[in-house]
Amino acid sequence: MEVTSEVIIRPERLDDIPKIHALTIAAFLNAEHTDHTEQFIVLRLREAGALTVSLVAAVDDAVVGHAAISPVTVDGADVGWFGLGPISVDPSRQGAGIGSSLMDAALNALRELGASGCVVLGDPAYYSRFGFRVHRGLEYPGVPAEYFQAISFDGDVPSGIVTYHDAFAATE
Ligand SMILES: CC(C)(COP(=O)(O)OP(=O)(O)OC[C@H]1O[C@@H](n2cnc3c(N)ncnc32)[C@H](O)[C@@H]1OP(=O)(O)O)[C@@H](O)C(=O)NCCC(=O)NCCS
């Protein structure tokens with residue numbers, strides 16, 4: 001998928017891995033609400049075979065954006081739902097639509113995989129523009145309810161407590 005004449009959205013390749021790591025560190029360096037562990041989360045998800053979707057925004061050989069999606073459980077069960085994030089755009093290229101293109105492409109990839117839905121933790125104003133909404137009953141304890149949103153691909157939103165992959169606890 002071509003975003004501008006120079007930015008291409010595509011699945012990650014082996015040689016992107018160190019670039020994704022560096023990009024993730026850079027993107028979250030001055031971000032709010034971060035423990036600066038996102039780069040480790042991406043590594044551990046990949047190691048665990050849980051990086052269901054991993055898309056890069058590439059400019060020639062450079063990686064300027066990345067979006068990760070991994071499975072989540074609801075009340076401990078696999079119900080075909082996934083979690084979006086971390087998502088990162090090179091600070092020098094933020095605000096140019098790359099994040100939106102990654103979001104659209106990542107959600108499309110999930111739909112094509114037959115996913116039932118996706119959750120996201122983050123700024124409600126940003127994610128609502130992609131169709132995410134707060135759904136009472138689908139909960140992520142510990143954060144204000146408006147920061148946890150969901151989008152259903154099959155019309156149903158499950159009820160219960162959402163748990164991300166163990167890799168989200170990674171600190172190294
Ligand atoms: C969040 C992020 C991925 C967005 O990427 P981006 O390429 O800057 O996004 P876009 O250019 O597509 O932005 C689309 C719109 O969202 C707005 N926006 C961007 N980040 C936002 C945020 N954190 N909160 C609210 N709105 C935001 C932009 O101003 C833009 O608005 P506009 O269309 O009215 O001009 C990027 O800013 C980033 O890497 N941030 C640091 C890491 C982070 O916080 N990731 C998200 C948590 S996992």
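Side chains included, hydrogens not; waters and symmetry mates left out as well; all remaining heavy atoms used. Being a predicted model, the structure only gives us computed values, none of them experimental. As the structure lists them, so they are numbered: ligands from 1, and atoms in each ligand from 1.
- Inclusion of A125 in the set of residues having an N or O under 3.5 Å from an N or O of ligand 1 is not warranted.
- Cluster annotation: F148 is not connected to V120 through the hydrophobic network of ILVMFWY side chains, with a link wherever side-chain heavy atoms come within less than 4.5 Å.
- Taking only nitrogen or oxygen atoms, main chain and side chain alike, P86 does not reach within less than 3.5 Å of ligand 1.
- Annotation: atom 39 (O) of ligand 1 to nearest protein heavy atom, V89 N, 2.8 Å.
- For atom 45 (N) of ligand 1, the closest non-hydrogen atom on the protein side is I87 O, 2.9 Å.
- No more than 12 heavy atoms of other residues, nucleotides or ligands shown are found within 6.0 angstrom of CG on D60.
- The heavy atom nearest to atom 40 (N) of ligand 1, out of those in H66, Q94, H33, is found in Q94.
- For atom 23 (N) of ligand 1, the closest heavy atom belonging to the protein is D123 CB, 4.4 Å.
- Under the 4.0 Å distance rule, the nearest protein heavy atom to atom 36 (C) of ligand 1 falls inside the cut-off.
- Salt bridge absent: D154 and R111 never bring a charged side-chain N and a carboxylate O closer than 4.0 Å.
- Counting atoms of ligand 1 from 1 in the listed order, those under 4.0 Å from a heavy atom of G95 are 6 (P), 7 (O), 8 (O), 11 (O).
- Taking 4.5 Å as the limit, some side-chain heavy atom of T52 sits within range of a side-chain heavy atom of P71.
- At a heavy-atom distance under 4.0 Å, only backbone atoms of A96 (N, CA, C or O) approach ligand 1.
- Taking 4.5 Å as the limit, every side-chain heavy atom of V134 sits out of range of all side-chain heavy atoms of P124.
- Summary of contacts: the protein heavy atom closest to atom 14 (C) of ligand 1 is S100 OG, 3.4 Å.
- The stretch residues 150-172 participates, sequence neighbours left out, in these ring-ring contact (aromatic ring centres under 6.0 Å, His included) pairs: Y140-Y164, Y164-F168.
- Ranking the protein heavy atoms by distance from atom 41 (C) of ligand 1 puts A27 O, 3.2 Å first.
- At least one side-chain heavy atom of D90 sits under 4.5 Å from a side-chain heavy atom of L23.
- A side chain to side chain contact (heavy atoms under 4.5 Å, CB included) with C118 is found for exactly one of V72, V53, I151, namely I151.
- Taking only non-hydrogen atoms, the option from F28, Y126, Y127 nearest to atom 25 (C) of ligand 1 is Y126.
- Set against the non-hydrogen atoms of S88, the atoms of ligand 1 under 4.0 Å away are 39 (O).
- Ion pair E146/R136 not flagged as a salt bridge, since none of the NZ, NE, NH1 or NH2 atoms sits closer than 4.0 Å to an Asp/Glu carboxylate oxygen.
- The protein heavy atom nearest to atom 7 (O) of ligand 1 is G99 N, 2.7 Å.
- Here the heavy atom of the protein found nearest to atom 11 (O) of ligand 1 is G97 N, 2.7 Å.
- Taking hydrophobic clusters as Ile, Leu, Val, Met, Phe, Trp and Tyr residues chained together by side-chain heavy-atom distances below 4.5 Å, L45 shares a cluster with V119.
- Atom 30 (C) of ligand 1 has as its closest protein heavy atom R129 NH1, 4.0 Å.
- Among residues at least two apart or in separate chains, side-chain hydrogen bond (donor to acceptor under 3.5 Å, both in side chains) pairs with a member in residues 22-46 are E12-R46, T34-E38, R44-E47.
- Distances shorter than 4.0 angstrom do not occur between any heavy atom of M103 and any atom of ligand 1.
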